Amino acid sequence: MKHFLFLALFTCPFNFSFAQRSREVQTQNHFWTSVNTQARISNKWSVIADLHIRRTNYLKNNNFYYTRVGAAYHINKNLSVSLSGGHMWLANKTATTELFVNENRLVQQIQLNQPVDKIQLSQRLRIEERWIQKVVNSELTDTYRYSTRFRYLLALSIPLSNNKYIPSLAFADELMMQTGKDIIYNNFDQNRFFAGIKQQITPSLAADFGYMHVWQQRLSGYQYNRNHTIRLFFYWQPDFRKKKSPPPTAQNSLPLL
């Protein structure tokens, strides 16, 4: 982690020096929604699956569609590692056409959840190997550019009540760095800051809703995206582990007081 933070501090000024060529910033409004599933199938294993839909001008235009599936191994109740594969369809729109650029990902992740008093602290380190389809003269090609992206997320969930169905405050910040043959001017990829609420809907379903600010540097090094994003994410965590039934007794039918 120290090496990762050192890389972030070292490369950001390096990239900004390239960006002195008349920085261009494009501001957009986005709406992101997703369903993130982690289905527990044993004490050690879970199946994970995500579906993401993201649109620009809030709901008007396509941004991208992304799906991912994989498996997670639970080292203990707070620490897990996972491996998954994903595919993205990224909208590439011009005045006359709209293409969907393909991107394949191999995702490796380690996540640590730590309760600190009543606050839930989560840290996640994710490594994404990405193969992104190239576009030449507004046409898709059969060639792909490869990059490796490192993502570090720090998230806080602050309960407002002992009742878990009362919303909690949610804050998160994620830094993304990348490297690869085609990554010359933007080793810094983007930063995402989120503030909102987290709501437990059922024992296995939760959601968070709020505002996310995305600051992204593009391949050129001097072009940036500033995205004001409304985010609505759902988290479905069913438990399919077989539970041992208690031996039948006369008291089993009585309510617990």
Side-chain angles (χ1 to χ4, degrees), residues 26 28-38 47-72 82-94 97-111 124-153 172 174-183 186-194 208 212-220 223-236:
Q26 181 181 24
Q28 298 177 326
N29 298 317
H30 283 205
F31 177 79
W32 293 8
T33 187
S34 71
V35 177
N36 307 272
T37 302
Q38 181 171 285
V47 175
I48 55 177
D50 298 347
L51 175 63
H52 296 256
I53 299 173
R54 301 182 183 178
R55 302 184 69 83
T56 58
N57 292 328
Y58 294 121
L59 293 172
K60 184 178 179 181
N61 300 326
N62 293 310
N63 182 220
F64 73 69
Y65 302 88
Y66 177 63
T67 184
R68 180 174 71 104
V69 65
S82 66
L83 179 66
S84 59
H87 185 84
M88 178 191 292
W89 297 264
L90 175 64
N92 186 307
K93 190 173 183 179
T94 67
T97 62
E98 183 177 44
L99 305 174
F100 282 92
V101 178
N102 293 287
E103 178 181 332
N104 297 307
R105 294 183 185 179
L106 182 64
V107 183
Q108 301 134 76
Q109 175 180 302
I110 181 168
Q111 181 163 331
R124 184 183 74 194
L125 178 62
R126 177 178 286 181
I127 302 173
E128 296 174 325
E129 298 176 74
R130 308 167 70 199
W131 292 266
I132 305 168
Q133 191 173 21
K134 292 184 178 181
V135 177
V136 177
N137 297 325
S138 299
E139 293 186 358
L140 298 174
T141 69
D142 294 328
T143 58
Y144 289 73
R145 61 181 174 87
Y146 172 81
S147 68
T148 302
R149 185 163 70 177
F150 303 90
R151 303 172 53 165
Y152 173 70
L153 172 72
E174 185 171 23
L175 173 66
M176 303 185 193
M177 307 289 294
Q178 59 184 348
T179 184
K181 184 178 68 174
D182 297 311
I183 306 300
N186 66 326
N187 293 110
F188 166 78
D189 176 48
Q190 61 183 282
N191 189 84
R192 300 175 182 175
F193 174 77
F194 172 79
D208 63 40
M212 184 165 64
H213 180 270
V214 181
W215 177 254
Q216 182 178 28
Q217 187 177 26
R218 300 175 65 180
L219 281 172
S220 63
Q223 295 172 307
Y224 293 81
N225 292 332
R226 177 188 288 116
N227 300 331
H228 299 292
T229 306
I230 300 299
R231 194 181 95 173
L232 175 62
F233 281 9
F234 294 93
Y235 304 91
W236 185 45

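Model, not experiment: these values are computed from the prediction.
- Looking at heavy atoms from C-beta onward, Phe194 lies out of side-chain contact with Thr229 at the 4.5 angstrom threshold.
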Chi angles and distances behind the side-chain contact (heavy atoms from CB on, under 4.5 Å) call for Arg55, Asn57: CA-CA 7 Å; Arg55 302 184 69 83; Asn57 292 328; over 6 Å; no

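- Atom OG1 of Thr179 and atom OH of Tyr146 lie 9.0 Å apart (nearest 0.5 Å).
- Note: Arg151 CZ to Leu125 CG = 11.0 Å, rounded to the nearest 0.5 Å.
- Although no hydrogens or angles enter the test, the distance criterion places a donor-acceptor pair under 3.5 Å between the side chain of Thr33 and the main chain of Leu232.
- Counting heavy atoms from C-beta outward, Leu175 and Phe188 have side chains that approach closer than 4.5 Å.
- Looking at Ile48 and Arg68, their side chains come closer than 4.5 Å, going by heavy atoms from C-beta outward.
- Two rings, from Phe233 and His52, have their centers less than 6.0 Å apart.
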Audit row: Asn62, Trp89, side-chain contact (heavy atoms from CB on, under 4.5 Å) steps and yes/no: CA-CA 10 Å; Asn62 293 310; Trp89 297 264; over 6 Å; no

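- Heavy atoms only, all atoms of each residue included: Leu106 and Gln108 are closest at O-NE2, 3.9 Å.
- Annotation: side chain of Met88 is not in contact with side chain of Arg54 (no heavy-atom distance under 4.5 Å).
- To the nearest 0.5 Å, atom OG of residue Ser82 and atom CD1 of residue Ile110 are 9.5 Å apart.
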Candidate pair Leu219 and Ile183, rule side-chain contact (heavy atoms from CB on, under 4.5 Å), full reasoning: CA-CA 7 Å; Leu219 281 172; Ile183 306 300; 3.9 Å; yes

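- Evaluated for a side-chain hydrogen bond (donor to acceptor under 3.5 Å, both in side chains) with Tyr235, the options Asp208, Asn36, Thr37 yield exactly one hit, Asp208.
- Looking at Asn92 and Gln133, their side chains never come closer than 4.5 Å, going by heavy atoms from C-beta outward.
- Taking CG of Leu51 as the start and OH of Tyr66 as the end, the distance is 11.0 Å to the nearest 0.5 Å.
- What you find for Tyr58 and Phe31 is that their closest heavy atoms are O-CB, 3.4 Å.
- For the atom pair CD (Gln26) and CZ (Arg226), the distance works out to 11.5 Å, reported to the nearest 0.5 Å.
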CA sep, side-chain torsions, deciding dist, call: Val135, Thr141, side-chain contact (heavy atoms from CB on, under 4.5 Å): CA-CA 6 Å; Val135 177; Thr141 69; over 6 Å; no

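- Taking the six-membered ring where the residue is Trp, the centroids of His213 and His228 are separated by under 6.0 Å.
- His30 has its side chain out of reach of Val214: every pair of non-hydrogen atoms, C-beta onward, lies at least 4.5 Å apart.
- Inter-residue side-chain proximity for Asp189 and Phe150 is flagged as unmet; no heavy-atom pair is nearer than 4.5 Å.
- The shortest heavy-atom contact between Tyr144 and Asn104 is CE2-ND2, 4.5 Å.
- With rounding to the nearest 0.5 angstrom, the OH atom of Tyr152 is 11.0 Å from the CZ atom of Arg124.
- The minimum heavy-atom distance linking Leu90 with Asn63 is given by the pair CD1-O, 3.4 Å.
- Proximity of a side-chain donor or acceptor of Thr67 to a complementary backbone N or O of Asp50 within less than 3.5 Å is detected.
- Side-chain contact between Asn227 and Gln190 is absent, with no heavy-atom pair separated by less than 4.5 Å.
- Taking all atoms of both residues into account, the shortest heavy-atom contact from Ser84 to Gly70 is CB-CA, 3.7 Å.
- Using a distance-only test at 3.5 Å, with no hydrogens or angles considered, a donor-acceptor pair links the side chain of Gln178 to the main chain of Asn186.
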